[in-house]
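Only a predicted model underlies this, so the values are computations on that prediction, with no experimental measurement involved. Throughout, residue positions are numbered sequentially from 1 according to the sequence presented.
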Amino acid sequence: MGAALQVTAFGLALLSTLFLLLATCTDCWMVNADDSLEVSHKCRGLWRECVTNMQDGVRTCDQYDSILADHPVKIVVTRTLMITADLLAGLALATLILGLDCITFLKEDPCVKLKMCYGAGVILGAGSILGLIGSTWYAVDVYVERAMLVSHNIFLGVHYDFGWSCWLGMAGSTGCFVASVLLTCCLY
């Protein structure tokens with residue numbers, strides 16, 4: 001039962017960590033949500049802004065000036081939280097691999113392996129909370145920005161909605177949290 005639970009938690013943690021990494025690296029955190037007939041599809045991410053021409057599929061991206069430049073708070077905070085979540089999830093995966101019962105590392109000391117799995121669950125939980133805060137922070141800021149424009153009857157020609165990268169970050173964080181619960185609460 002314990003080995004099956006470990007492997008299930010590992011599989012979920014691996015998939016969720018990949019989701020977190022993809023969410024951090026991709027550039028579609030906000031998408032244009034204009035209901036009119038658009039000839040282009042705009043995405044904004046943590047690192048750049050891209051426009052795809054819907055007629056011929058040509059995609060052009062503008063990198064943000066510099067990592068150290070003055071950026072909006074939502075981008076800086078989300079970058080920081082997502083990178084930290086990625087690093088913690090990676091560390092937790094490495095620790096979990098060494099703590100799995102099916103790995104021969106420290107096979108003669110199952111108590112240490114169990115503590116490694118527990119520690120991986122705690123680290124994964126911390127990473128999942130940071131990733132969820134970062135994704136939710138960005139989503140709430142997009143919603144507030146849109147609500148402010150609507151409440152003031154300002155229409156700039158395009159408004160943005162949550163992109164698939166934001167949803168991927170939330171899904172990855174939630175999956176890491178579930179894997180953390182499996183490792184910390186259910187393994188004993």
What's the spacing between [X] [atom1] and [Y] [atom2] if we round to 0.5 Å?
X: Leu124; Y: Leu91; atom1: CG; atom2: CG; result: 10.0 Å
X: Leu182; Y: Phe177; atom1: CG; atom2: CZ; result: 10.5 Å
X: Arg44; Y: Glu49; atom1: CZ; atom2: CD; result: 4.5 Å
X: Met82; Y: Ser173; atom1: CE; atom2: OG; result: 5.5 Å
X: Leu130; Y: Leu81; atom1: CG; atom2: CG; result: 6.0 Å

For a quick test of reading the model, state the closest non-hydrogen atom pair linking [X] to [Y] and the distance between them.
X: Thr80; Y: Val76; value: OG1-O, 2.8 Å
X: Cys176; Y: Leu20; value: SG-CD1, 3.9 Å
X: Ser180; Y: Gly121; value: OG-O, 2.6 Å
X: Leu100; Y: Val7; value: CD2-N, 4.4 Å
X: Ser16; Y: Gly172; value: CB-O, 3.2 Å
X: Leu132; Y: Met170; value: CD1-O, 4.1 Å

Problem set entry | SB check Asp27 Arg59 (cutoff 4.0 Å) |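 Yes, this pair counts.
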Exercise. Excluding sequence neighbours, so at least two apart, what forms ring-ring contact (aromatic ring centres under 6.0 Å, His included) with Trp137?
Worked result: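 With neighbours one apart ignored, the set is empty.
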Output yes when a side-chain donor or acceptor of [X] lies under 3.5 Å from a complementary backbone atom of [Y], and no otherwise.
X: Lys113; Y: Leu98; result: yes
X: Arg79; Y: Leu46; result: yes
X: Asp161; Y: Val31; result: no

Exercise. Cys61 and Cys50: sulfurs closer than 2.5 Å?
Worked result: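 Their SG atoms fall under 2.5 Å; a disulfide, then.
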Path from [X] to [Y] over hydrophobic side-chain contacts below 4.5 Å:
X: Trp29; Y: Leu22; answer: no
X: Val58; Y: Val51; answer: no
X: Trp167; Y: Phe19; answer: no
X: Val77; Y: Ile129; answer: yes
X: Ile75; Y: Val142; answer: yes

Problem set entry | Neighbour count >12 (heavy atoms, 6.0 Å) for atom CZ, Phe10 |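 For Phe10, atom CZ is crowded (more than 12 foreign heavy atoms under 6.0 Å).
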Using a 4.5 Å cut-off on heavy atoms from C-beta on, say whether the side chain of [Y] contacts that of [X].
X: Tyr138; Y: Met30; result: yes
X: Gln6; Y: Cys117; result: yes
X: Thr24; Y: Ile83; result: yes

